[in-house]
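Written below as C-alpha coordinates is the structure these notes are about.
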Amino acid sequence: MTDVPEAAHGDVTAGETAAPMRAGGSTGLTIGVDVGGTKIAGGVVDESGRIVGEARRETPATSPPEIVAAIADVVKDLRSEFDAEAIGVGAAGFVDANRADVLFAPNLAWRQEPLKREVEARTGLPTVVENDANAAAWAEFQFGAGRDVDDMILLTIGTGLGGGLVLNGELYRGAFGVGGEVGHLRVVPNGHLCGCGNRGCWEQYASGRALVREAREFVKSSPSQAEALLERAGGDWTMVEGPMVTEAAAAGDTAAVELLEDLGRWLGEGIATLAAVLDPAVVVIGGGVSEAADLLLQPARAAFARQLTARGHRPVLQIRPALLGNEAGIIGAADLARRR
Ligand SMILES: [Zn+2]
(Lines give C-alpha, C1' and ligand atoms only; values in the text may rest on other atoms or scores of the structure.)
Protein backbone atom coordinates (compact mmCIF):
# COMPACT_ATOMS: atom_id res chain seq x y z
CA MET A 1 0.00 0.00 0.00
CA THR A 2 1.16 3.51 -0.78
CA ASP A 3 1.53 6.00 2.00
CA VAL A 4 -0.52 8.85 0.63
CA PRO A 5 -0.26 12.32 2.14
CA GLU A 6 -3.32 14.43 2.76
CA ALA A 7 -4.69 15.99 -0.38
CA ALA A 8 -4.83 19.77 -0.55
CA HIS A 9 -6.89 20.51 -3.68
CA GLY A 10 -10.28 21.77 -2.67
CA ASP A 11 -12.43 19.11 -4.32
CA VAL A 12 -10.81 16.12 -2.67
CA THR A 13 -11.87 14.37 0.50
CA ALA A 14 -8.69 14.69 2.49
CA GLY A 15 -7.29 12.42 5.09
CA GLU A 16 -10.03 9.82 5.25
CA THR A 17 -8.64 6.45 6.20
CA ALA A 18 -11.79 4.33 6.37
CA ALA A 19 -11.28 0.60 6.01
CA PRO A 20 -12.14 -0.75 2.56
CA MET A 21 -15.73 -1.84 2.13
CA ARG A 22 -16.28 -5.37 0.99
CA ALA A 23 -18.56 -6.61 -1.75
CA GLY A 24 -22.19 -5.68 -1.18
CA GLY A 25 -22.03 -2.03 -0.16
CA SER A 26 -21.89 1.17 -2.16
CA THR A 27 -18.21 1.82 -1.90
CA GLY A 28 -16.82 4.76 -3.82
CA LEU A 29 -14.10 2.37 -4.93
CA THR A 30 -12.75 2.30 -8.48
CA ILE A 31 -10.22 0.10 -10.23
CA GLY A 32 -7.05 1.36 -11.84
CA VAL A 33 -5.17 -0.86 -14.29
CA ASP A 34 -1.67 0.00 -15.50
CA VAL A 35 -0.84 -1.84 -18.73
CA GLY A 36 2.89 -1.91 -19.34
CA GLY A 37 5.07 -3.81 -21.77
CA THR A 38 5.78 -6.65 -19.33
CA LYS A 39 3.04 -6.59 -16.69
CA ILE A 40 -0.56 -5.58 -16.13
CA ALA A 41 -0.96 -4.22 -12.60
CA GLY A 42 -4.38 -3.47 -11.18
CA GLY A 43 -5.55 -1.98 -7.92
CA VAL A 44 -8.76 -1.10 -6.12
CA VAL A 45 -8.43 2.53 -5.04
CA ASP A 46 -10.50 4.57 -2.61
CA GLU A 47 -11.45 8.25 -2.78
CA SER A 48 -8.31 9.36 -0.97
CA GLY A 49 -6.02 7.59 -3.43
CA ARG A 50 -5.24 4.58 -1.28
CA ILE A 51 -4.82 1.19 -2.91
CA VAL A 52 -6.84 -1.31 -0.89
CA GLY A 53 -6.38 -4.40 -3.09
CA GLU A 54 -4.01 -5.43 -5.87
CA ALA A 55 -3.74 -8.04 -8.64
CA ARG A 56 -1.43 -8.54 -11.60
CA ARG A 57 -0.73 -10.60 -14.72
CA GLU A 58 2.08 -10.77 -17.23
CA THR A 59 1.38 -8.83 -20.43
CA PRO A 60 0.82 -11.02 -23.49
CA ALA A 61 2.36 -8.17 -25.45
CA THR A 62 2.00 -9.49 -29.00
CA SER A 63 -1.71 -10.35 -28.94
CA PRO A 64 -4.26 -7.54 -28.56
CA PRO A 65 -7.16 -9.91 -27.70
CA GLU A 66 -5.05 -11.65 -25.04
CA ILE A 67 -4.11 -8.31 -23.48
CA VAL A 68 -7.80 -7.44 -23.14
CA ALA A 69 -8.47 -10.89 -21.65
CA ALA A 70 -5.64 -10.38 -19.15
CA ILE A 71 -7.01 -6.95 -18.16
CA ALA A 72 -10.42 -8.58 -17.63
CA ASP A 73 -8.79 -11.30 -15.49
CA VAL A 74 -7.10 -8.68 -13.28
CA VAL A 75 -10.44 -6.87 -12.89
CA LYS A 76 -12.21 -10.15 -12.08
CA ASP A 77 -9.65 -10.95 -9.37
CA LEU A 78 -10.14 -7.55 -7.78
CA ARG A 79 -13.95 -7.71 -7.95
CA SER A 80 -13.97 -11.07 -6.19
CA GLU A 81 -13.05 -9.10 -3.06
CA PHE A 82 -14.22 -5.53 -3.68
CA ASP A 83 -17.15 -3.75 -5.29
CA ALA A 84 -16.00 -1.14 -7.76
CA GLU A 85 -18.02 1.34 -9.80
CA ALA A 86 -15.70 2.01 -12.74
CA ILE A 87 -12.39 1.13 -14.35
CA GLY A 88 -9.56 3.37 -15.47
CA VAL A 89 -6.97 1.82 -17.76
CA GLY A 90 -3.58 3.51 -18.13
CA ALA A 91 -1.84 2.36 -21.30
CA ALA A 92 1.65 3.05 -22.60
CA GLY A 93 0.57 4.58 -25.88
CA PHE A 94 -1.34 7.29 -27.73
CA VAL A 95 -4.95 7.45 -26.55
CA ASP A 96 -7.63 9.32 -28.49
CA ALA A 97 -9.43 12.44 -27.23
CA ASN A 98 -12.50 10.43 -26.21
CA ARG A 99 -10.35 8.32 -23.88
CA ALA A 100 -11.68 5.22 -25.63
CA ASP A 101 -9.25 3.99 -28.29
CA VAL A 102 -5.52 3.34 -28.15
CA LEU A 103 -4.32 4.79 -31.46
CA PHE A 104 -0.80 3.39 -31.23
CA ALA A 105 1.22 1.60 -28.55
CA PRO A 106 4.82 1.00 -29.59
CA ASN A 107 5.41 -1.90 -27.18
CA LEU A 108 1.98 -3.54 -27.15
CA ALA A 109 0.90 -4.32 -30.73
CA TRP A 110 -2.12 -2.02 -30.35
CA ARG A 111 -3.16 -0.14 -33.50
CA GLN A 112 -6.55 1.65 -33.39
CA GLU A 113 -7.58 -0.62 -30.51
CA PRO A 114 -11.13 0.11 -29.21
CA LEU A 115 -10.01 -0.66 -25.66
CA LYS A 116 -12.83 1.10 -23.76
CA ARG A 117 -15.49 -0.83 -25.68
CA GLU A 118 -13.71 -4.15 -25.24
CA VAL A 119 -13.07 -3.78 -21.51
CA GLU A 120 -16.65 -2.62 -20.93
CA ALA A 121 -17.97 -5.60 -22.91
CA ARG A 122 -15.98 -8.04 -20.79
CA THR A 123 -16.51 -6.43 -17.39
CA GLY A 124 -19.84 -4.58 -17.60
CA LEU A 125 -18.23 -1.59 -15.84
CA PRO A 126 -17.86 1.92 -17.29
CA THR A 127 -14.26 2.34 -18.41
CA VAL A 128 -11.98 5.21 -19.30
CA VAL A 129 -8.65 4.78 -21.07
CA GLU A 130 -5.77 7.16 -20.45
CA ASN A 131 -2.13 7.43 -21.42
CA ASP A 132 -0.11 5.91 -18.57
CA ALA A 133 2.08 8.97 -17.97
CA ASN A 134 -1.03 11.17 -17.91
CA ALA A 135 -2.58 8.86 -15.31
CA ALA A 136 0.59 9.00 -13.19
CA ALA A 137 0.69 12.80 -13.51
CA TRP A 138 -2.91 13.02 -12.33
CA ALA A 139 -2.08 10.87 -9.30
CA GLU A 140 0.91 13.01 -8.32
CA PHE A 141 -1.21 16.13 -8.81
CA GLN A 142 -4.11 14.87 -6.78
CA PHE A 143 -2.39 12.87 -4.02
CA GLY A 144 1.37 13.23 -4.39
CA ALA A 145 4.17 15.71 -5.03
CA GLY A 146 2.00 18.27 -6.86
CA ARG A 147 -1.01 18.34 -4.56
CA ASP A 148 -0.39 21.91 -3.38
CA VAL A 149 -0.27 23.58 -6.84
CA ASP A 150 -2.55 24.04 -9.86
CA ASP A 151 0.04 23.73 -12.63
CA MET A 152 2.36 20.73 -12.65
CA ILE A 153 4.35 18.63 -15.07
CA LEU A 154 5.34 15.03 -14.36
CA LEU A 155 8.41 13.63 -16.08
CA THR A 156 8.86 9.86 -15.78
CA ILE A 157 12.41 8.79 -16.46
CA GLY A 158 12.28 5.07 -17.10
CA THR A 159 13.64 3.34 -20.17
CA GLY A 160 12.25 6.33 -22.07
CA LEU A 161 11.10 9.78 -20.99
CA GLY A 162 7.36 10.19 -20.49
CA GLY A 163 5.41 13.25 -19.52
CA GLY A 164 2.03 14.37 -18.29
CA LEU A 165 0.73 17.93 -17.99
CA VAL A 166 -1.74 19.24 -15.44
CA LEU A 167 -2.60 22.84 -16.30
CA ASN A 168 -4.98 25.04 -14.35
CA GLY A 169 -6.09 22.01 -12.35
CA GLU A 170 -6.97 19.89 -15.39
CA LEU A 171 -5.15 17.08 -17.13
CA TYR A 172 -4.12 18.55 -20.48
CA ARG A 173 -4.62 16.14 -23.39
CA GLY A 174 -4.57 18.46 -26.39
CA ALA A 175 -7.06 18.61 -29.26
CA PHE A 176 -6.54 14.99 -30.29
CA GLY A 177 -5.71 13.45 -26.93
CA VAL A 178 -2.05 12.90 -27.64
CA GLY A 179 -0.42 15.98 -26.09
CA GLY A 180 2.24 15.93 -23.41
CA GLU A 181 4.74 13.78 -25.32
CA VAL A 182 7.59 15.88 -24.02
CA GLY A 183 10.17 13.14 -24.56
CA HIS A 184 10.03 13.89 -28.26
CA LEU A 185 10.94 17.55 -28.07
CA ARG A 186 13.98 17.93 -30.29
CA VAL A 187 16.95 19.05 -28.21
CA VAL A 188 19.82 18.18 -30.60
CA PRO A 189 19.55 18.81 -34.36
CA ASN A 190 20.66 15.64 -36.15
CA GLY A 191 21.23 13.96 -32.78
CA HIS A 192 20.71 10.35 -31.79
CA LEU A 193 18.01 8.45 -33.69
CA CYS A 194 14.82 8.00 -31.65
CA GLY A 195 12.32 5.14 -31.74
CA CYS A 196 9.73 7.66 -32.98
CA GLY A 197 11.64 8.08 -36.24
CA ASN A 198 13.10 11.53 -35.53
CA ARG A 199 16.60 12.47 -34.45
CA GLY A 200 17.73 14.32 -31.35
CA CYS A 201 14.63 13.81 -29.18
CA TRP A 202 14.99 14.75 -25.50
CA GLU A 203 14.31 11.10 -24.61
CA GLN A 204 17.58 10.13 -26.31
CA TYR A 205 19.51 12.26 -23.76
CA ALA A 206 17.43 12.17 -20.57
CA SER A 207 16.27 8.59 -20.04
CA GLY A 208 17.41 5.24 -18.71
CA ARG A 209 18.29 4.16 -22.24
CA ALA A 210 20.47 7.26 -22.67
CA LEU A 211 22.19 6.63 -19.34
CA VAL A 212 23.02 3.05 -20.34
CA ARG A 213 24.30 4.15 -23.76
CA GLU A 214 26.59 6.80 -22.26
CA ALA A 215 27.76 4.53 -19.43
CA ARG A 216 28.69 1.71 -21.81
CA GLU A 217 30.53 4.08 -24.13
CA PHE A 218 32.47 5.47 -21.21
CA VAL A 219 33.38 2.06 -19.79
CA LYS A 220 34.43 0.83 -23.21
CA SER A 221 36.59 3.84 -24.02
CA SER A 222 38.03 4.53 -20.54
CA PRO A 223 38.13 1.20 -18.68
CA SER A 224 40.86 2.39 -16.29
CA GLN A 225 38.56 5.15 -14.98
CA ALA A 226 35.52 2.90 -14.92
CA GLU A 227 36.62 0.16 -12.55
CA ALA A 228 33.60 0.51 -10.25
CA LEU A 229 31.17 0.16 -13.16
CA LEU A 230 33.16 -2.56 -14.88
CA GLU A 231 33.26 -4.61 -11.70
CA ARG A 232 29.49 -4.33 -11.26
CA ALA A 233 29.05 -5.47 -14.88
CA GLY A 234 31.20 -8.57 -14.36
CA GLY A 235 34.05 -7.13 -16.43
CA ASP A 236 31.93 -6.79 -19.59
CA TRP A 237 31.10 -3.23 -20.70
CA THR A 238 28.11 -4.49 -22.72
CA MET A 239 26.50 -5.62 -19.47
CA VAL A 240 26.45 -2.20 -17.78
CA GLU A 241 22.89 -1.27 -16.74
CA GLY A 242 21.35 1.92 -15.33
CA PRO A 243 20.95 0.76 -11.71
CA MET A 244 24.70 -0.06 -11.63
CA VAL A 245 25.43 3.58 -12.39
CA THR A 246 23.11 4.73 -9.61
CA GLU A 247 24.67 2.27 -7.14
CA ALA A 248 28.22 3.22 -8.06
CA ALA A 249 27.39 6.92 -7.85
CA ALA A 250 25.76 6.48 -4.45
CA ALA A 251 28.99 4.76 -3.35
CA GLY A 252 30.95 7.84 -4.46
CA ASP A 253 32.37 6.65 -7.80
CA THR A 254 33.38 9.78 -9.73
CA ALA A 255 32.63 8.45 -13.20
CA ALA A 256 29.15 7.31 -12.20
CA VAL A 257 28.43 10.62 -10.50
CA GLU A 258 29.43 12.43 -13.69
CA LEU A 259 27.21 10.22 -15.84
CA LEU A 260 24.23 11.14 -13.66
CA GLU A 261 25.28 14.80 -13.71
CA ASP A 262 25.20 14.69 -17.50
CA LEU A 263 21.73 13.20 -17.50
CA GLY A 264 20.64 15.77 -14.91
CA ARG A 265 21.96 18.58 -17.10
CA TRP A 266 19.91 17.39 -20.08
CA LEU A 267 16.93 17.10 -17.79
CA GLY A 268 17.28 20.58 -16.32
CA GLU A 269 17.82 22.28 -19.67
CA GLY A 270 14.73 20.59 -21.08
CA ILE A 271 12.71 21.66 -18.05
CA ALA A 272 13.79 25.26 -18.75
CA THR A 273 12.30 24.87 -22.25
CA LEU A 274 9.05 23.54 -20.81
CA ALA A 275 8.97 26.40 -18.30
CA ALA A 276 9.30 28.93 -21.12
CA VAL A 277 6.11 27.56 -22.70
CA LEU A 278 3.98 26.32 -19.83
CA ASP A 279 5.22 28.09 -16.67
CA PRO A 280 4.34 25.30 -14.21
CA ALA A 281 4.77 25.75 -10.45
CA VAL A 282 6.26 22.30 -9.98
CA VAL A 283 7.98 19.70 -12.14
CA VAL A 284 7.78 16.25 -10.55
CA ILE A 285 10.42 13.67 -11.47
CA GLY A 286 9.42 10.01 -11.31
CA GLY A 287 10.37 6.73 -12.98
CA GLY A 288 13.10 4.21 -12.18
CA VAL A 289 16.04 6.52 -12.89
CA SER A 290 14.68 9.04 -10.38
CA GLU A 291 15.82 6.64 -7.64
CA ALA A 292 19.19 8.36 -8.09
CA ALA A 293 17.45 11.20 -6.18
CA ASP A 294 19.71 14.19 -5.52
CA LEU A 295 22.53 12.72 -7.61
CA LEU A 296 20.18 13.47 -10.52
CA LEU A 297 17.99 16.29 -9.20
CA GLN A 298 20.75 18.63 -7.98
CA PRO A 299 22.46 18.81 -11.39
CA ALA A 300 19.02 19.14 -12.99
CA ARG A 301 18.18 22.09 -10.73
CA ALA A 302 21.54 23.73 -11.45
CA ALA A 303 21.17 23.34 -15.23
CA PHE A 304 17.59 24.57 -15.09
CA ALA A 305 18.66 27.68 -13.15
CA ARG A 306 21.38 28.42 -15.74
CA GLN A 307 19.04 27.96 -18.70
CA LEU A 308 15.75 29.49 -17.55
CA THR A 309 14.71 32.45 -19.67
CA ALA A 310 14.55 35.80 -17.84
CA ARG A 311 16.22 34.15 -14.84
CA GLY A 312 16.53 36.46 -11.89
CA HIS A 313 13.42 38.35 -12.92
CA ARG A 314 10.66 35.79 -12.44
CA PRO A 315 9.33 33.31 -9.91
CA VAL A 316 11.11 29.96 -10.22
CA LEU A 317 9.42 26.56 -10.31
CA GLN A 318 10.40 23.69 -8.03
CA ILE A 319 11.80 20.37 -9.23
CA ARG A 320 10.59 17.69 -6.82
CA PRO A 321 10.85 13.90 -6.60
CA ALA A 322 7.64 11.92 -7.20
CA LEU A 323 5.94 10.52 -4.09
CA LEU A 324 3.77 7.68 -5.36
CA GLY A 325 6.34 5.46 -7.09
CA ASN A 326 5.23 2.65 -9.39
CA GLU A 327 1.67 2.83 -8.14
CA ALA A 328 0.99 6.32 -9.51
CA GLY A 329 -0.41 4.90 -12.76
CA ILE A 330 -2.93 2.70 -10.94
CA ILE A 331 -3.98 5.46 -8.54
CA GLY A 332 -4.34 8.07 -11.28
CA ALA A 333 -6.29 5.81 -13.66
CA ALA A 334 -8.67 4.85 -10.85
CA ASP A 335 -9.23 8.47 -9.85
CA LEU A 336 -9.87 9.51 -13.46
CA ALA A 337 -12.43 6.69 -13.71
CA ARG A 338 -14.16 8.08 -10.60
CA ARG A 339 -14.36 11.51 -12.29
CA ARG A 340 -15.44 10.15 -15.68
ZN1 LIG B 1 11.42 10.75 -30.52
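We count ligands from 1, going down the list as the structure has it; atoms in each ligand are counted the same way.
The backbone N or O of Ala337 sits less than 3.5 Å from a side-chain atom of Arg340, completing a donor-acceptor pair.
Here the Zn ion (ligand 1) has protein N, O or S atoms under 2.8 Å from it, and they come to 4.
Electrostatic pairing of Glu130 and Arg173 counts as a salt bridge here, judged by a charged N lying under 4.0 Å from a carboxylate O.
Residues passing the side-chain hydrogen bond (donor to acceptor under 3.5 Å, both in side chains) test with Arg57, sequence neighbours excluded: Asp77. Looking at residues two or more places apart in sequence or on another chain, you find no salt bridge (charged side-chain N to carboxylate O under 4.0 Å, His left out) involving Asp34.
Between Leu308 and Arg314, the closest side-chain pair of non-hydrogen atoms falls below 4.5 Å.
Every pair tested for side-chain hydrogen bond (donor to acceptor under 3.5 Å, both in side chains) that includes a residue from residues 151-165 fails, sequence neighbours excluded, so the list is empty.
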